[in-house]
**Student:** 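Sharing a structure with you now.
Numbered from 1 within each chain, the chains take letters A, B, ... in sequence-line order. When reading the values below, keep in mind they use all heavy atoms of this one structure, side chains included, and skip hydrogens, waters and symmetry mates.
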Amino acid sequence: MTVRTRFAPSPTGYLHIGGARTSLFSWLYAKKMGGEFILRIEDTDRERSTQEAVDAIIDGMEWLGMEHDEGPYYQTHRFDRYKEVIQQLLDDGHAYYCNCSRERLDQIREQQMAKKEKPKYDGCCRDKGLAEADDTVIRFKNPLEGEVTITDHVRGTVVIKNQELDDLIIERSDGTPTYNLTVVVDDWDMKISHVIRGDDHLNNTPRQINILNALGAQIPEYAHLPMINGPDGKKLSKRHGAVSVMQYHEEGYLAEAVLNYLVRLGWSHGDQEVFTLEEMIEKFDIRDINKSSSNFSIEKLQWMNQQYLMSLDPVRVAEQLAFYMMEHGIKIEEGPALVEIVMLLRERSRTLVEMVENSRFFYEPVEEYDAKSVKKHIKAGTSAILVTIREKLANLEEWYADKIHHVVQEVVNEQEVGFPKVAMPLRIAVTGSTMSPSIDTTLDLLGREKTLDRIDKLLVFIANQ
RNA sequence: GUCCCCUUCGUCUAGAGGCCUAGGACACCGGGUUUUCAUCUCGGCAACAGGGGUUCGACUCCCCUAGGGGACGCCA
C-alpha cells in the first residue's frame with residue numbers, strides 16, 4: 001500500500017505555525033515512506049474562504065519547501081461528487097431530511113445544558129421520512145448503540161460511545177456539504193492512507209469513521225498531533241507575536257531553521273537538536289511524536305536560526321541577505337560584498353534582519369555616536385591617538401586586515417597604552433558604537449577612504465564637545 | 001456542564017519497571033578564551049502535578065484527585 005498523506009487547511013487566513021507543523025509531519029511521513037503528499041483546500045465555507053488565503057498558504061508551504069505531489073484540490077470544485085455520496089447515503093437509509101428550525105435546535109441545546117447534559121441533536125426527524133424542502137438539511141444517521149474505536153498512532157486506542165454522538169448535518173439547507181462529510185469523501189476518494197492532523201479533530205474522528213463505515217469505505221490510519229501554544233501556554237495568537245509563517249520569513253529567519261525548530265516541537269530523536277532535511281526525513285517516526293502540547297519559544301527559534309546562519313554556505317546565505325538588504329533600503333553597491341558581511345556577522349546575528357542592521361554602517365555614514373560609548377572611551381588623549389593612527393593608516397601601503405592590525409599595535413606600543421585605548425575610539429568613529437567585529441577586518445572591509453573620513457568626522461565631533 | 005485528550009527543569013525534550021544521584025538543548029547565572037560585541041568553551045541553577053495502589057523495585061503499569069487543552073455549530 002502506498003502511503004498517501006495530506007494537508008487540508010481551510011483558507012481563512014495565512015499559514016500559521018500550528019498548520020505548518022501539522023503539514024510538516026504529514027509531509028515528512030510521506031517522504032519517509034516514499035509516499036505522496038497531497039494538498040487539499042477545504043473551502044466549503046464560502047463566507048470565510050478567500051483566494052488570498054489560498055495564495056498565502058501555498059506561499060508559506062513553498063517557502064518552507066514542503067512541495068505537494070498532488071493538488072491543490074479544492075472542495076468547492078467537488079460539489080457534484082459530494083451530492084452523489086449524500087444521495088447514496090440517503091438511498092441506503094444512512095441519512096435523512098430534517099426540518100428542525102434553528103430556534104428549536106437552540107432551544108434543545110439550552111435545555112440540555114441546563115440539565116447538565118452534553119448538547120446533542122435529539123433525532124426528532126430521524127424517522128419522519130421527510131422529503132426535501134427549501135428549509136431542510138440532511139443529517140447522517142449515526143448508529144445509536146455500540147462504540148467506535150479509534151486506533152491512533154499518537155494517542156493509542158480511544159473508544160467513544162455512539163451515544164455520545166448525534167446525527168450531524170452533512171448538507172446545509174442551501175445544498176452545500178459540511179466539513180465532516182467532505183473530509184470523509186475526499187480522504188476516501190484521494191486514497192489517503194494516513195490522516196495526520198491536529199488534535200482538535202480527534203473528537204470528529206468517530207463521526208467520520210461512522211460515515212466511512214456507512215459508505216463501506218476503508219478506514220485510514222490516524223495520527224492526531226498535539227497543539228502548539230504560545231510561550232505562556234495559552235492558545236497561540238497574535239498577541240504572542242508572529243503567528244504567520246511568512247512573518248518569520250520577513251523577520252529574517254531561514255526556512256531550514258523554522259523547519260528544524262518546528263520538527264522538534266512535539267517530536268524528538270534522542271538528544272539531537274539539529275537536523276538536516278535529509279536527516280529529518282530519515283529519522284522521522286510517528287512513534288516518536290509526543291502526546292502533550294508544546295509551547296512556542298522564540299528564543300530557541302532564534303538560537304536555531306543562528307546555528308543555520310553559521311553553518312550554511314555563506315554564499316547561499318549572502319544570496320538571501322541581498323533580499324533583506326533591499327527590503328531595508330540598503331544600497332549594497334555602496335559597501336563590501338555580501339559574502340564578506342555574512343562571514344563577519346553571522347556569529348553576531350540571530351536573524352538576517354539583525355545582520356542587515358549590524359552591517360548598516362558599512363553602507364551608510366555613521367549619523368550619531370552611541371552616548372555611553374563616547375562617555376566611556378573618548379577621553380582627553382583620544383584625539384591625539386586618533387590623529388596618530390589616522391596618519392599611519394593614510395600611509396599604509398596595502399589595505400589589508402593584518403597590515404591594519406599591525407598599525408594599531410604599533411600605536412599601542414608607541415603610546416604605551418592598552419589596545420582598547422586605540423581600538424575603541426576607532427570603533428566609535430567607524431561604527432558609531434563599541435560593539436563591532438574585530439577592528440582590523442572591519443576597517444579592511446570598510447575601505448581606507450571611508451575609514452579616514454570617519455576618523456576625521458569623529459575628531460570634529462570631539463573638538464566641538 | 002457533558003464527553004475526549006494531556007501532565008518530567010521557566011521552555012523544548014530524553015526516559016519502553018532496576019542503566020535515574022533523572023540526561024540533553026534553549027533561556028538564565030558564573031568562569032575561561034577574546035581588543036569590544038559575539039562565537040567558542042567550562043561550570044552552575046533547575047523537573048517526574050498530588051494521593052493511593054501493583055511490584056522485591058515505579059518517572060515508567062493501574063485507579064482517584066487537581067490543573068491544562070479540545071469537542072459539543074446549517075465553522076473547519
**Student:** Choose from C37(B), A76(B), U35(B) the nucleotide whose nearest atom is closest to any side-chain atom of Arg348(A).
**Tutor:**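 Ranking C37(B), A76(B), U35(B) by closest atom to the Arg348(A) side chain puts C37(B) first.
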**Student:** Name the nucleic acid region contacted by Ser292(A), choosing base, sugar-phosphate or nothing; use a 4.0 angstrom heavy-atom cut-off, strictly under.
**Tutor:**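 Touches sugar-phosphate only.
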**Student:** Do the side chain of Tyr261(A) and the main chain of Ser297(A) share a donor and acceptor less than 3.5 angstrom apart?
**Tutor:**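 Yes; at least one donor-acceptor contact below 3.5 Å.
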**Student:** Distance check, rounded to the nearest 0.5 Å: Ile41(A) atom CD1 versus Asp186(A) atom CG?
**Tutor:**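 Between atom CD1 of Ile41(A) and atom CG of Asp186(A) there are 11.5 Å.
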**Student:** Given the C1' atoms of A71(B) and G24(B), what is the spacing between them in whole Å?
**Tutor:**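 Pairwise C1' distance, A71(B) against G24(B), rounds to 36 Å.
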**Student:** Going by side-chain hydrogen bond (donor to acceptor under 3.5 Å, both in side chains), name the residues that satisfy it together with Asp189(A), two or more places apart in sequence or in a different chain.
**Tutor:**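 Listed in chain order: Arg78(A), Arg81(A).
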**Student:** In whole angstrom, give the distance that lies between atom CG of Asp370(A) and atom P of U36(B).
**Tutor:**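 Result: 17 Å.
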**Student:** CE of Met310(A): more than 12 outside heavy atoms within 6.0 angstrom?
**Tutor:**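 Yes, the 6.0 Å shell around CE holds more than 12 heavy atoms from other groups.
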**Student:** For Lys291(A), give me all partners under side chain to side chain contact (heavy atoms under 4.5 Å, CB included), at least two apart in sequence or on another chain.
**Tutor:**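 Side chain to side chain contact (heavy atoms under 4.5 Å, CB included) check on Lys291(A) returns Val154(A), Arg155(A).
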**Student:** Does the structure show a Watson-Crick or G-U wobble partner for C72(B), both distances under 3.5 Å? Name it, or say none.
**Tutor:**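 The base-pairing partner of C72(B), which may sit in any strand shown, is G1(B).
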**Student:** Assess Arg139(A) against Tyr121(A): is NZ or CZ under 6.0 Å from the centre of the six-membered ring, and within 45 degrees of the ring's axis?
**Tutor:**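 Geometry flag: set, cation within 6.0 Å and 45°.
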**Student:** Whether Asn295(A) contacts G10(B) is assessed here as follows: a side-chain N or O lying under 4.0 Å from the phosphate OP1 or OP2. Is that the case?
**Tutor:**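 False: Asn295(A) side-chain N/O out of range (4.0 Å or more) of G10(B) OP1/OP2.
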**Student:** Let me know the distance between CD1 of Ile169(A) and P of C74(B), rounded to the nearest Å.
**Tutor:**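 Taking CD1 of Ile169(A) and P of C74(B), I get 4 Å after rounding.
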**Student:** Over all strands shown, is Val137(A) touching base, sugar-phosphate only, or nothing at heavy-atom distances under 4.0 angstrom?
**Tutor:**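 Base contact.
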**Student:** If you assign each of Glu42(A) and Met310(A) to its closest nucleotide in RNA chain B, which residue comes earlier from the 5' end?
**Tutor:**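 Result of the comparison: Met310(A).
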**Student:** Using the P atom as the point on both nucleotides, what is the distance between A47(B) and U21(B), in whole Å?
**Tutor:**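 Approximately 15 Å lies between the P atom of U21(B) and that of A47(B).
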**Student:** In terms of the nearest nucleotide of RNA chain B, which residue is placed more toward the 5' end: Glu164(A) or Thr182(A)?
**Tutor:**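 Looking at the nearest nucleotide for each, Glu164(A) comes out on the 5' side.
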**Student:** Between C59(B) and C20(B), how far apart are the two P atoms, rounded to whole Å?
**Tutor:**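 About 13 Å, rounded to a whole number of Å.
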**Student:** May I have the distance from Asn260(A) (atom CG) to U13(B) (atom P), rounded to whole angstrom?
**Tutor:**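 For the pair Asn260(A) CG and U13(B) P, the rounded distance is 13 Å.
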**Student:** Can you figure out which of U36(B), U39(B), G1(B) approaches the side chain of Ser438(A) most closely?
**Tutor:**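 Looking only at side-chain atoms, Ser438(A) lies closest to U36(B).
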**Student:** If you measure from the P atom in U54(B) to the same atom in C62(B), how many Å do you get, rounded?
**Tutor:**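 The answer is 15 Å between these two P atoms.
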**Student:** Ignoring hydrogens and geometry beyond distance, is the side chain of Arg346(A) in donor-acceptor contact with the base of U39(B) at under 3.5 Å?
**Tutor:**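 Result: no qualifying N/O pair found.
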**Student:** Counting Watson-Crick and G-U wobble pairs only, both distances under 3.5 Å, name the nucleotide matched with U60(B), or none.
**Tutor:**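 Because no pair has both required distances under 3.5 Å, U60(B) counts as unpaired.
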**Student:** For residues 412-422 of chain A, dump all side-chain donor-acceptor pairs below 3.5 Å to protein atoms at least two apart in sequence or in another chain.
**Tutor:**
unit_1: Asn413(A); atom_1: OD1; unit_2: Gln409(A); atom_2: NE2; d: 3.4
unit_1: Asn413(A); atom_1: ND2; unit_2: Gln409(A); atom_2: O; d: 3.4
unit_1: Glu414(A); atom_1: OE2; unit_2: Lys392(A); atom_2: NZ; d: 3.1

**Student:** If C40(B) has a Watson-Crick or G-U wobble mate with both distances under 3.5 Å, name it; if not, just say none.
**Tutor:**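 For C40(B), the partner nucleotide comes out as G32(B), under the 3.5 Å rule.
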**Student:** Let me know the distance between CD1 of Ile211(A) and C1' of A76(B), rounded to the nearest Å.
**Tutor:**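 So the two atoms are 14 Å apart, to the nearest Å.
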**Student:** May I have the step-by-step check of salt bridge (Lys or Arg N to Asp or Glu O under 4.0 Å) for Glu256(A) and Arg316(A), ending in yes or no?
**Tutor:** CA-CA 12 Å; Glu256(A) 290 91 331; Arg316(A) 275 197 50 212; 2.7 Å; yes
**Student:** Let me have a per-nucleotide readout for nucleotides 16-34 of chain B, 5' to 3', with B, S or -, counting only protein heavy atoms under 4.0 Å.
**Tutor:** -------BBBSS-------
**Student:** For atom C1', what is the distance between G57(B) and C19(B), given to the nearest Å?
**Tutor:**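 To the nearest whole Å, 14 Å.
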**Student:** Should A49(B) form a Watson-Crick or G-U wobble pair with both distances under 3.5 Å, which nucleotide is its partner?
**Tutor:**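 Base-paired to U65(B).
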**Student:** If you restrict it to nitrogen or oxygen atoms, what contacts under 3.5 Å exist between nucleotides 64-72 of chain B and the protein, and what is each distance?
**Tutor:**
unit_1: G70(B); atom_1: N2; unit_2: Asn203(A); atom_2: OD1; d: 3.3
unit_1: A71(B); atom_1: O4'; unit_2: Asn203(A); atom_2: ND2; d: 3.1
unit_1: C72(B); atom_1: O2'; unit_2: Pro119(A); atom_2: O; d: 2.6

**Student:** Using a cut-off of 4.0 Å on non-hydrogen atoms, how would the nucleic acid contact of Ser268(A) be classed: base, sugar-phosphate, or nothing?
**Tutor:**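 Answer is sugar-phosphate: Ser268(A) comes under 4.0 Å of backbone atoms only.
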**Student:** With a 4.0 Å cut-off on heavy atoms, is Pro226(A) in touch with a base, just the backbone sugar-phosphate, or nothing at all?
**Tutor:**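 Nothing: the residue Pro226(A), judged by heavy atoms under 4.0 Å, touches no strand.
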**Student:** Rounded off to whole Å, could you give me the CZ-to-C1' distance for the Arg104(A) and C74(B) pair?
**Tutor:**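 From Arg104(A) CZ to C74(B) C1': 15 Å.
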**Student:** Taking Arg104(A) first and then Asp122(A), would you say they form a salt bridge - that is, a charged N and a carboxylate O separated by under 4.0 Å?
**Tutor:**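 Yes, charged N to carboxylate O under 4.0 Å.
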**Student:** Using whole Å, what does the distance between atom C1' of nucleotide U36(B) and atom NZ of Lys372(A) come to?
**Tutor:**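 After rounding, the reported distance stands at 15 Å.
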**Student:** Does Asp370(A) pair with Lys372(A) as a salt bridge, N-O distance under 4.0 Å?
**Tutor:**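 Result for this pair is no, no salt bridge flagged.
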**Student:** Between P on C74(B) and CG on Asp106(A), what's the gap in Å once rounded to a whole number?
**Tutor:**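 One finds 9 Å between P of C74(B) and CG of Asp106(A), rounded.
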**Student:** Just the rounded figure in Å: distance from C1' of C5(B) to CD1 of Ile289(A).
**Tutor:**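 Value for this atom pair: 16 Å.
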**Student:** Taking NZ, NE, NH1 and NH2 as the nitrogens, is one of them in Asp45(A) or Arg48(A) under 4.0 Å from a carboxylate oxygen of the other?
**Tutor:**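 Salt bridge: yes.
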**Student:** Taking only the C1' atom of each, what is the distance from C48(B) to G67(B) in whole angstrom?
**Tutor:**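 About 16 Å, rounded to a whole number of Å.
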**Student:** I'd like to check the side chain to side chain contact (heavy atoms under 4.5 Å, CB included) partners of Met113(A); sequence neighbours left out, ordered by chain and number.
**Tutor:**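 Partners of Met113(A) by the side chain to side chain contact (heavy atoms under 4.5 Å, CB included) criterion, ordered by chain and then number, come out as Pro119(A).
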**Student:** Could you work out the separation of U7(B) and C64(B) based on their C1' atoms and round it to a whole Å?
**Tutor:**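 Taking atom C1' in both U7(B) and C64(B), they lie 15 Å apart.
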**Student:** May I ask you to say what Thr434(A) touches in the nucleic acid, namely base, sugar-phosphate or nothing, with a heavy-atom cut-off under 4.0 Å?
**Tutor:**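 Base contact - Thr434(A) has a heavy atom under 4.0 Å of at least one base atom.
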**Student:** Both distances below 3.5 Å, Watson-Crick or wobble geometry, any strand: find the nucleotide opposite G17(B).
**Tutor:**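 Here G17(B) is not engaged in any pair, so there is no nucleotide opposite it.
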**Student:** G23(B) and G30(B): how far apart are their C1' atoms, nearest whole angstrom?
**Tutor:**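 Comparing C1' positions in G23(B) and G30(B) gives a spacing of 22 Å.
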